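See structure below.
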Amino acid sequence: MKKNIDLDKLTNTTFLSSPQTEKVYDYSAYDPFNEAKLLHIIPIEDDLYLLFDSTIFFPEEGGQTCDKGKISFNLEGQSHILDIIDVHLQKIDKKEYIFHRIKGNDSEDILNEAISKGIIFSMEIDFDYRYSNMQNHTGEHIFSGIVKKEFGYDNVGFHLSDNSVTMDYNGPLTDSDVARIEEEVNYVIAQNFPVYCSYPGKDELIDLDYRSKIEIDGPIRIVEIPGVDTCACCAPHVYSTCEVGHLIVLSSTSYKGGTRLSILCGDRANKYIKDNQNMLFALSHTLKLPFEDLQGAVEKMQKEIYDLKIDISNMQSDMLKMKLKSLPATGNICICVKDTDSKVKRDCINELKLNRDGYIMILDSKENSRSYVLGSRDKNCNDFLKEISDRLIIKGGGKPEMIQGSIESDNETIINVLKQNNFTII
């Protein structure tokens, strides 16, 4: 998770005189290695933040998580390897510093010695992870470029994490729209269009029509897929669209007046398809049915389950009504049940309270879960909830005549509290 440095906590801000970090990933997206000089070590709480003169690590920026990897160095014949927890970019006085966080401060002394001796550090990123992000980010550009051209909608939100990609557009897209765009995206991917990354000059930018979610202060990096998309973007991308492999849309929902989409590309898409194929094979084997019959079989089972739930609900209602015949005519009562439908409990309490005074509780006890419904014709159930809340771990709410919720206290404690309040336990 991104964790900006709190400058107020620093006792040493000498790093502010250093030049901004050189972004090697800008022009060397496919190189997993880099050599760099460690300039400063910034201890904050239990972590160390390392500032190098250059880095191959892409930081958490632009809606994308940072690269994973490690750094290593040799000091007096001994090799040291440190895992990078996260990497983030912070702008300070119009400079961009990229900080690499490592866990703990046990390494601070030896790192300071490395600085004093001018030791060169080796950086190595997890390139499989980097490449997966490149595939998915480029796939998002293609999708967003087509949405912009055909519908005029902007991409107003983007998140690329370890296992998901989401995009938010400021306009509605129907299921058929999304299916058609998905088909167009995969056509573009197959055409093997080049993907260009560059920093155009100010004069070039004036005449350049490009997408951007935010106002950018400083040089603007443009990612262009000719005829498809032109967008301001800080992240590494693949060299050509065919490297994206394939794009699949996982979901499409209405969101804040627009549309939120979830997609997967490349290796992630292939894994998703393979996992689902394996699940279908297993389901087909379990049900002893061919693929084409699975949907009908599942729909039939859903209908049977629904009918069974109705039958069970009716049986539970009948059993509760039998218990009701043995109830005293007045006073507070608690009926203990197991796995009883909430509607059955509410209906029974509504029926009971028509002809009696006092509180009526139906307590449903399961392992690690106890739900209840409490009703009364002549008393305020919310008042009773407040009265016992100092003795039970209880949650719930509703109208004065009926509330429902859950109790985390054990059964023995619940029964004792109820008995103290003159409840008869059935």
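Predicted model, so just to flag it, every value in this text is computed and none were measured. For reference, positions follow the sequence shown, starting with 1.
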Report task. Compute the ring centroids of Tyr49 and Tyr97, then answer whether they are less than 6.0 Å apart. Result -> no

Query - Centroid-centroid distance, Tyr30 to Tyr239, less than 6.0 Å - result: yes

Output yes when a side-chain donor or acceptor of [X] lies under 3.5 Å from a complementary backbone atom of [Y], and no otherwise.
X	Y	result
Arg130	Asp31	no
Ser284	Leu280	no
Asn136	Cys265	yes
Thr138	Val244	no
Asp364	Ser371	no
Arg370	Leu363	no
Glu182	Val249	yes
Gln191	Val188	no
Gln135	Glu243	yes
Ser132	Tyr129	no

Can you run down the salt bridge (charged side-chain N to carboxylate O under 4.0 Å, His left out) pairs that involve [range], sequence neighbours left out, and say none if there aren't any?
range	answer
residues 131-144	none
residues 259-272	Asp168-Arg260, Lys271-Asp275
residues 230-242	none
residues 149-160	Lys148-Asp154, Glu150-Arg180

Can you tell me if [X] has over 12 outside heavy atoms packed within less than 6.0 Å of its [atom1]?
X	atom1	answer
Gln295	CD	no
Met315	CE	no
Asp311	CG	yes

Query raised in the report: So does Asp47 pair up with Arg101, basic N to acidic O under 4.0 Å?
Result: yes

Query raised in the report: Does the pair Asp162/Lys68 count as a salt bridge with the N-to-O cut at 4.0 Å?
Result: yes

Would you say the side-chain atoms of [X] and [Y] include a donor-acceptor pair closer than 3.5 Å?
X	Y	value
Ser107	His80	no
Asn421	Tyr359	no
Asn416	Thr413	no

Report summary line: Sequence neighbours excluded, the answer for side chain to side chain contact (heavy atoms under 4.5 Å, CB included) partners of Pro19 is none

Report task. Quick one: list whatever passes side chain to side chain contact (heavy atoms under 4.5 Å, CB included) with Thr230, sequence neighbours left out. Result -> Leu208, Tyr210, Ile222, Glu224

Checking [X] now: which residues fulfil salt bridge (charged side-chain N to carboxylate O under 4.0 Å, His left out) with it, not counting sequence neighbours?
X	value
Lys338	none
Glu76	Lys117
Lys95	none
Asp383	none

Query raised in the report: Which word best sums up how the rings of Tyr169 and Phe143 line up, parallel for under 30°, tilted for 30 to 60°, or perpendicular for over 60°?
Result: parallel

Query raised in the report: Using the ring of each side chain (for Trp, its six-membered ring), is Phe58 parallel, tilted or perpendicular to Tyr25, with breaks at 30° and 60°?
Result: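 Correct class here is perpendicular.
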
Over all atoms of both residues, closest heavy-atom pair of [X] and [Y]:
X	Y	result
Ile220	Pro200	O-CD, 3.5 Å
Thr340	Lys345	O-CE, 3.4 Å
Cys233	His137	SG-NE2, 3.5 Å

Query raised in the report: Yes or no on side-chain contact (heavy atoms from CB on, under 4.5 Å) for Met123 and Val24, after CA distance, side-chain angles and deciding distance?
Result: CA-CA 11 Å; Met123 295 179 169; Val24 178; over 6 Å; no

Query raised in the report: Taking it one step at a time, do Ile142 and Leu247 satisfy side-chain contact (heavy atoms from CB on, under 4.5 Å)?
Result: CA-CA 10 Å; Ile142 300 170; Leu247 179 145; over 6 Å; no

Query raised in the report: Which residues satisfy the side chain to side chain donor-acceptor pair (under 3.5 Å) test with Glu183, sequence neighbours excluded?
Result: none

Query raised in the report: Pairs in or reaching into residues 385-399: which pass side chain to side chain donor-acceptor pair (under 3.5 Å), with residues at least two apart or in two chains?
Result: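 Pairs touching residues 385-399 that pass the test: Arg391-Gln420.
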
